[in-house]
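Just the heavy atoms: all of them, side chains too, but no hydrogens, waters or symmetry mates, feed the values below.
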Amino acid sequence: MYSNKLTFLSLSIFLCTLNLFSQVTLPKILGHNMVLQQLKDVPVWGTASPGEKISVDFAGQNKTTFADNSGKWSVKLKPMKASFTPREMTIKGTNTIVLKNILIGEVWLCSGQSNMEYAMRKYSKFESAVKGYKPPEDDLNKANNPNIRIFLDRRKYMDPNPEHLGWDAAMGKPLVDFSAVGYYFAKDLYSKLHVPIGMISAAVPGSRIEPWIEASKMEISPKMKNGKTLDKLSADGGDPGKFYNTMIQPLIPFTLKGILWYQGESNCFLNENIRYAYKFKTLIESWRNDWNDKKMPFYFVQIAPYAYSTAKDDRPHNAENLPEFWEAQQLALRLKNTSTIAITDLVDSIADLHPGYKWEVGRRLSLVAANKAYGQKNVVCSGPVYKKIKTVGSTIEISFFNTGSDLASRDGKPLNWFTIAGSDGKFTTAKAEIKDNKIILSAPEVPNPVSARFSWNEAAQSNFINKEGLPAVPFRSDNPWEKLF
């Protein structure tokens with residue numbers, strides 16, 4: 001009798017398991033209310049029983065395939081134009097899944113640490129408008145654009161399951177926990193493109209860069225141009241692959257237009273520079289490879305001024321560690337289709353690791369996307385960027401890219417945070433004047449200048465901008481890494 005009960009129980013468990021396995025299952029990123037990327041192939045994928053026939057119907061396209069021996073299957077929908085028309089997607093196997101209210105437009109992934117994760121709810125009591133940056137209206141109460149859709153990638157809840165709760169419109173309760181940078185990027189981009197915008201947020205407070213990179217990709221020892229080989233990148237710890245495995249890999253290969261990245265504070269505390277540059281390069285190239293898109297736009301935020309030198313640990317800190325880290329970030333600009341924004345002016349206190357003005361960070365990233373990814377060349381998307389220096393007598397003449405309609409001082413006062421040095425390498429404060437869209441530097445103490453630096457200090461919040469109001473990017477003409485990376 002006992003044996004029969006045991007056999008019956010085992011059979012029941014087996015049939016139950018078989019039934020669960022035979023269900024067509026989709027990854028969580030495929031759900032109701034999602035936005036699909038326009039003008040690119042769109043993969044649809046999931047699991048089912050080995051050999052099971054699967055069909056996908058969407059927007060007049062029908063694709064069929066069979067699950068492989070491991071139960072995995074995928075199809076690709078042909079490129080489609082942007083559309084505000086809500087559509088349904090039907091996936092059939094032994095069961096049927098119907099995903100509703102799907103739009104076609106532009107899809108971006110935003111990732112990084114706490115300043116990217118910084119949620120919309122934190123603006124509910126943000127009332128001041130310092131430095132002339134007017135706070136937005138209370139979007140938590142007034143946001144009402146059903147054509148901006150959001151997906152919050154929660155690291156513990158990305159495993160596939162039969163429930164397809166999907167995406168949300170960027171309004172009301174779902175917007176409360178979403179990335180402020182991501183939302184304001186989408187809001188501004190929508191005003192420029194007038195197509196549906198989909199935003200995926202995958203960010204973790206306090207995270208270093210290593211957890212966002214597939215662990216196997218960290219087992220490299222980069223070779224610099226001078227022939228020196230660095231230790232393996234994985235030697236720095238940081239739980240390589242931890243968040244890649246749980247938050248990024250489950251998104252692949254959902255079609256994206258591009259990626260926004262706002263991270264670096266946790267690595268800056270480690271006094272990293274050239275090693276971070278190689279890790280950042282590894283992340284960009286490996287993610288592009290994962291999505292099979294080597295030209296995918298990748299735009300990042302230069303981390304804000306902060307008093308890293310006050311950190312109380314056993315590492316030597318000084319006020320130039322942060323500028324050196326900015327320099328390491330900028331080395332990524334050697335990769336195609338990358339760009340960055342400076343936010344040195346968006347800080348009220350360098351004791352605050354999470355400065356406000358996230359709406360302006362999102363807007364500036366949107367300017368970059370409009371100009372670089374969507375060809376709106378009339379959109380000025382950067383402040384002045386160092387080009388070259390020229391010694392003219394006892395002065396240094398500096399030329400810039402991205403001067404906009406002209407160079408300017410934000411407050412009408414003399415430009416600040418410029419220094420120059422002679423061959424002895426001793427830098428001193430320089431007088432800076434705007435002349436013919438260039439900066440002329442001089443200092444009585446340096447009659448024969450050879451080098452120049454701008455905002456080369458963790459506390460630097462210069463008034464140097466272009467007339468479009470975008471801040472100049474910190475630099476040093478004596479960059480030692482130029483010939484090594």
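Heavy atoms only, all atoms of each residue included: Asn402 and Asn466 are closest at O-ND2, 3.4 Å. In terms of heavy atoms, Leu270 sits closest to Ser266 at CG-O, 3.7 Å. Across all their heavy atoms, Ala332 and Thr338 have their closest contact at O-OG1, 3.2 Å. Nearest approach of Gln113 to Ala203, heavy atoms of both residues: O-CB, 3.9 Å. When all heavy atoms are compared, the tightest approach of Phe185 to Ser366 is CD1-N, 3.4 Å. Between Ile465 and Pro471, the shortest heavy-atom contact is CG2-CA, 3.9 Å.
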What pairs of donor and acceptor atoms, side-chain ones from residues 224-232 against any protein atom, are under 3.5 angstrom apart with sequence neighbours left out?
from: Asn226; atom 1: OD1; to: Lys228; atom 2: N; distance (Å): 3.0

Without placing hydrogens or testing angles, list every side-chain donor-acceptor pair under 3.5 Å for residues 278-285, not counting sequence neighbours.
from: Lys279; atom 1: NZ; to: Glu210; atom 2: OE2; distance (Å): 2.8
from: Lys279; atom 1: NZ; to: Asp236; atom 2: OD2; distance (Å): 2.7
from: Lys279; atom 1: NZ; to: Glu272; atom 2: OE2; distance (Å): 2.7
from: Lys281; atom 1: NZ; to: Glu285; atom 2: OE1; distance (Å): 3.2
from: Lys281; atom 1: NZ; to: Glu285; atom 2: OE2; distance (Å): 3.3
from: Thr282; atom 1: OG1; to: Tyr278; atom 2: O; distance (Å): 2.8

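Atom-to-atom distance recorded for Leu470:CG and Arg410:CZ is 8.0 Å, nearest 0.5 angstrom. Residue Glu214 holds its CD atom at 9.5 Å from CG of Asn289, rounded to the nearest 0.5 Å. Rounded to the nearest 0.5 Å, atoms CZ (Arg364) and CD (Gln302) are 11.0 Å apart. Separating the CD1 atom in Ile148 from the CG atom in Asp168 is a distance of 13.5 Å, to the nearest 0.5 Å. In this structure, the separation between CG on Leu365 and CG on Leu260 is 5.5 Å, given to the nearest 0.5 Å. One distance of note links CD1 of Ile200 with CE of Met247; it measures 11.5 Å at 0.5 Å rounding.
For the residue pair Ser111 and Gln263, no side-chain donor N or O sits within less than 3.5 Å of a side-chain acceptor on the partner. For the 3.5 Å distance criterion, the side chains of Tyr184 and Asp139 qualify, holding a donor opposite an acceptor. Residues Glu458 and Ser309 have side chains that bring a donor and an acceptor to within less than 3.5 angstrom of each other. Side chain to side chain, Asp411 and Ser409 meet the donor-acceptor criterion of an N or O pair below 3.5 Å.
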Next item on the list: Show your reasoning for whether ring-ring contact (aromatic ring centres under 6.0 Å, His included) applies to Phe254 and Trp167.
Entry: CA-CA 13 Å; Phe254 192 88; Trp167 298 43; 5.8 Å; yes
Next item on the list: Given side-chain contact (heavy atoms from CB on, under 4.5 Å), test Val181 with Met116 step by step and report yes or no.
Entry: CA-CA 6 Å; Val181 169; Met116 181 62 88; 3.9 Å; yes
Notebook entry, point to check: side-chain contact (heavy atoms from CB on, under 4.5 Å) between Lys81 and Leu39: does it pass, once the steps are laid out?
Noted result: CA-CA 6 Å; Lys81 294 182 179 179; Leu39 305 178; 4.3 Å; yes
Margin query: Under the criterion side chain to side chain donor-acceptor pair (under 3.5 Å), I'd like the reasoning laid out for Asp348 against Tyr357: C-alpha separation, chi angles, the key distance, then a yes or no.
Written below: CA-CA 10 Å; Asp348 294 329; Tyr357 310 108; 2.8 Å; yes
Note to self: Please determine whether side-chain contact (heavy atoms from CB on, under 4.5 Å) holds for the pair Lys122 and His354, giving the CA-CA distance in whole Å, both sets of side-chain angles, and the decisive distance to 0.1 Å.
What the structure shows: CA-CA 11 Å; Lys122 297 181 182 180; His354 303 99; over 6 Å; no
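Side chain of Ser234 to main chain of Glu219: no donor-acceptor pair is present (N/O by atom type, distance under 3.5 Å, no hydrogens or angles). In this structure, the side chain of Asn371 engages the main chain of Val379 through a donor-acceptor pair within 3.5 Å. The backbone N or O of Asn463 lies less than 3.5 Å from a partner atom in the side chain of Asn416, making a donor-acceptor pair. Here the side chain of Arg87 pairs no donor or acceptor atom with the backbone of Ala59 at under 3.5 angstrom. Thr419 places no side-chain N or O within donor-acceptor distance of the main-chain N or O of Phe427, the cut-off being under 3.5 Å. No donor-acceptor pair closer than 3.5 Å links the side chain of Thr25 to the backbone N or O of Gly46. Checked by atom type and distance alone, the side chain of Thr65 never pairs as donor or acceptor with a backbone atom of Ile54 at under 3.5 Å. Remark: side-chain polar atoms of Glu468 are paired, donor with acceptor, to backbone N or O of Ser405 under 3.5 angstrom. Glu106 contributes no side-chain N or O that, together with a main-chain N or O of Lys257, makes up a donor-acceptor pair within less than 3.5 Å.
No option in Ile396, Leu407, Ile389 other than Leu407 meets the side-chain contact (heavy atoms from CB on, under 4.5 Å) test with Ile439.
No side-chain heavy atom of Arg275 sits less than 4.5 Å from a side-chain heavy atom of Asn267. By the 4.5 Å heavy-atom criterion applied to side chains, Phe269 and Leu353 are counted as neighbours. The closest side-chain heavy-atom distance from Phe58 to Val44 is not below 4.5 Å. Ile440 has its side chain within reach of Glu397: a pair of non-hydrogen atoms, C-beta onward, lies under 4.5 Å apart. For the pair Met89 and Leu36, the minimum side-chain heavy-atom distance is below 4.5 Å. Between Leu103 and Ser83 the shortest side-chain heavy-atom distance does not fall below 4.5 Å. The shortest distance between side-chain heavy atoms of Lys358 and Leu346 does not fall below 4.5 Å. Under the 4.5 Å side-chain criterion, counting only non-hydrogen atoms from C-beta, Ser462 is not in contact with Thr344.
A salt bridge does not link Asp41 to Lys63: none of the charged nitrogens lies less than 4.0 Å from a carboxylate oxygen. A salt bridge links Glu320 with Arg453: at least one charged nitrogen is closer than 4.0 Å to a carboxylate oxygen.
A ring-ring contact (aromatic ring centres under 6.0 Å, His included) check over residues 362-392, counting only residues at least two apart or in different chains, returns the pairs Tyr386-Phe475.
The aromatic rings of Phe243 and Trp212 sit tilted relative to each other, their planes meeting at an angle between 30° and 60°. Ring geometry for Tyr306 versus Tyr308: interplanar angle over 60°, hence perpendicular rather than tilted (30 to 60°).
In the displayed structure, Lys40 atom NZ is contacted under 6.0 Å by more than 12 heavy atoms of other residues, nucleotides or ligands. By the 6.0 Å contact criterion, NZ on Lys295 is open, its count of non-hydrogen atoms from other residues, nucleotides or ligands being 12 or less. Other residues, nucleotides and ligands place more than 12 heavy atoms under 6.0 Å from the CG atom of Asn437.
Under the salt bridge (Lys or Arg N to Asp or Glu O under 4.0 Å) criterion, Lys192 pairs with Asp188, not counting sequence neighbours. The salt bridge (Lys or Arg N to Asp or Glu O under 4.0 Å) test applied to Lys76 returns no partner, not counting sequence neighbours. In this structure, the ring pair (Phe, Tyr, Trp, His ring centres under 6.0 Å) partners of Phe418, at least two apart in sequence or on a different chain, are Phe454, Phe464.
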